[in-house]
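Treat the numbers as computed from the prediction; the structure is a model and nothing was measured. Order of the sequence lines sets the chain letters (A, B, ...), proteins ahead of strands, with each chain counted from 1.
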There are 2 protein chains.
Amino acid sequence: MARTPAPGTRRRILEASAKLFGEQGVRAVGMQQVIDATGVGKSLLYREFASKDELIAAWLRESDAQWWERAEEVTAPHSGDPARQILALMEFFHASVREPDFHGCIYYNTSSEFREPGHPGRQEAKLHLKGLCNWFRDKGVEARAEDPDALADMLMLIVGGTLANGEVLGETGPARMALAATELVLRQYAPNALTTATR
Amino acid sequence: MARTPAPGTRRRILEASAKLFGEQGVRAVGMQQVIDATGVGKSLLYREFASKDELIAAWLRESDAQWWERAEEVTAPHSGDPARQILALMEFFHASVREPDFHGCIYYNTSSEFREPGHPGRQEAKLHLKGLCNWFRDKGVEARAEDPDALADMLMLIVGGTLANGEVLGETGPARMALAATELVLRQYAPNALTTATR
DNA sequence: GTCTATAAAAAGATAGAC
DNA sequence: GTCTATCTTTTTATAGAC
């Protein structure tokens, strides 16, 4: 009880890291900037996170958990209607591109910033994206898709294309087609499920 | 004639930069590494490129020119058949993901590495991607698509999704659907053109 | 426990030697 | 013209003051 740091310390560091890493990119942000933003001492930061790589990994893991919480909120109202849940999640992606401080997907971005095969940034990115792909596949099964894996990969194509193009070209570029593309894919890969979802 | 550097200097610097920036990412590579890889002196490098940003811009511009040369080679054989040209270019993208030293698209990657609005990395990325989008639109017009802009943005979604997912998840992931997705989009947005292309 | 000072290495860029 | 040495800042990380 007495040897652990102040309770809010770790959370504050992660919040500051999320803001800085997300807005400027990971390699663009030094540990000193994280320290300045939190007001925490250098020694304490390195006590919580032994290295920058550990901080990166913790940030991505926490972001993954928080993202799934919001995704649940968006899809829960359409429980039992997998096609509409998929469309709701895709609308959620599209909305993120429209936000003024959108800077791309932290998983695609961070993975591309660290090319070393075993880097935590790559591993967490892979985990997050595979998790999303699995969610799509499960919804595909629920929607009685003939090939749920193909459906899931198609939807991942739309997600990646929406976020990658959104980062460079903004919301008025290819990202604007996210929902239309999703409907097109659903009509092809889960036609029965879609008839109930969109007139 | 006598005050210009050795003729191959600039080209050698650009070739070394292309390899290093492409494989490791731009922020991960220092100017010293470029110097070590070329054998050129530091002063000479800064005579050719006044700053790292200038080197980045020159690298991306040169890569754009070289990319369009190869794209021409791939699409030229199908001149007059825009749907097939689009499919050929998409197959070209898919093939790049399959290459053992694929590290994502240098334009999506570099744009995400430099968030400052006016950064040359962002500007060149925007130019390249808009150029590609325009090429798709022109082919859409040639293919008598009802909405060539929508078709182009749909295809950009597939390109971005293929390259972004390919960087993280490899060729066996969503990238494998690139061609099927293209056919689906063509069938929807340029159905007449496609009948001649795929049985 | 928490912060300040300080490594030690690497970054981008410049000045000067030949 | 070309390379070497240096400058300044910034990076990640550690040791020590309180």
Side-chain angles (χ1 to χ4, degrees), chain A residues 1-21 23-60 110 113-116 118-122, chain B residues 1-60 109-110 113-116 118-122:
Chain A
M1 213 73 152
R3 81 166 194 281
T4 52
T9 303
R10 188 182 177 89
R11 188 178 44 76
R12 270 194 305 150
I13 294 171
L14 282 171
E15 278 172 12
S17 304
K19 184 172 166 61
L20 290 167
F21 289 163
E23 285 180 359
Q24 303 179 40
V26 180
R27 290 200 113 112
V29 173
M31 294 296 261
Q32 188 61 49
Q33 286 177 261
V34 176
I35 286 155
D36 294 344
T38 54
V40 83
K42 203 161 214 173
S43 178
L44 189 50
L45 187 152
Y46 275 98
R47 192 171 301 276
E48 283 291 331
F49 304 97
S51 66
K52 189 181 182 181
D53 281 357
E54 271 197 27
L55 178 57
I56 293 166
W59 159 59
L60 291 175
T110 306
E113 278 200 279
F114 299 93
R115 308 291 171 83
E116 304 93 330
H119 192 281
R122 295 195 75 76
Chain B
M1 214 73 152
R3 81 165 194 279
T4 53
T9 303
R10 188 183 176 89
R11 186 179 44 75
R12 270 193 305 149
I13 295 172
L14 282 171
E15 279 172 12
S17 303
K19 184 173 167 60
L20 290 168
F21 288 163
E23 285 179 359
Q24 303 180 40
V26 179
R27 289 200 116 111
V29 173
M31 293 297 262
Q32 189 61 48
Q33 285 177 262
V34 177
I35 285 155
D36 294 344
T38 54
V40 83
K42 203 162 212 173
S43 176
L44 190 52
L45 188 153
Y46 275 98
R47 192 171 302 276
E48 282 292 330
F49 305 96
S51 67
K52 189 181 183 182
D53 281 357
E54 271 197 26
L55 177 59
I56 293 166
W59 159 60
L60 291 176
N109 288 351
T110 305
E113 278 201 278
F114 299 93
R115 308 292 171 84
E116 304 93 330
H119 192 281
R122 294 194 76 77

Between atom CE in B:Met31 and atom P in C:dA11, what is the gap in whole Å?
11 Å
Quickly, which of A:Leu44, A:Thr38, A:Leu45, A:Leu14 forms a side chain to side chain contact (heavy atoms under 4.5 Å, CB included) with A:Thr9? Name it, please.
A:Leu44
More 5' along DNA chain C: A:Gln32 or B:Arg27, using each one's nearest nucleotide?
A:Gln32
Using a 3.5 Å distance criterion without hydrogens, assess whether the side chain of A:Glu113 forms a donor-acceptor pair with backbone atoms of A:Val26.
yes
Figure out the OH/P separation between B:Tyr46 and D:dA5, and round it to whole Å.
18 Å
Value in whole Å for how far the P atom of C:dC3 lies from CD of A:Glu48
12 Å
Check whether any side-chain N or O of B:Lys42 sits under 4.0 Å from OP1 or OP2 of D:dC3, and answer yes or no.
no
Counting heavy atoms from C-beta on, name the nucleotide in D:dA13, C:dT2, C:dG12 closest to the side chain of A:Leu44.
C:dT2
Provide, to the nearest angstrom, the distance between the CD atom belonging to B:Glu54 and the P atom belonging to C:dG12.
15 Å
For C:dA11 and B:Gln33 - does any side-chain N or O of the residue sit under 4.0 Å from the phosphate oxygens OP1/OP2?
yes
How would you label the contact of B:Val29 with the nucleic acid (heavy atoms, under 4.0 Å): base, sugar-phosphate, or nothing?
sugar-phosphate
Which nucleotide wins on minimum distance to the side chain of A:Arg47, given the candidates C:dT2, C:dG12, D:dA13?
C:dT2
Working to the nearest 0.5 angstrom, can you tell me the gap between B:Met31 CE and B:Ile13 CD1?
8.5 Å
Nearest-nucleotide check on DNA chain D, A:Lys52 vs B:Val40; residue mapping nearer the 5' end is B:Val40
How close or far is atom C1' of C:dA13 from atom CG of B:Asp53, stated in whole angstroms?
12 Å
Atom CD1 of A:Ile56 and atom C1' of D:dT12 are separated, to the nearest Å, by 11 Å
Select from A:Ala28 and A:Ser43 the residue whose nearest nucleotide in DNA chain D is closer to the 5' end of that strand.
A:Ala28
Provide, to the nearest angstrom, the distance between the CG atom belonging to A:Leu45 and the P atom belonging to D:dT11.
14 Å
Just verifying a value: how many Å separate B:Lys52 NZ and B:Tyr46 OH, rounded to the nearest 0.5 Å?
8.5 Å
Working to the nearest 0.5 Å, report the span between CD of A:Gln24 and NZ of A:Lys19.
9.0 Å
To the nearest angstrom, how far is B:Ile35 atom CD1 from D:dT2 atom C1'?
12 Å
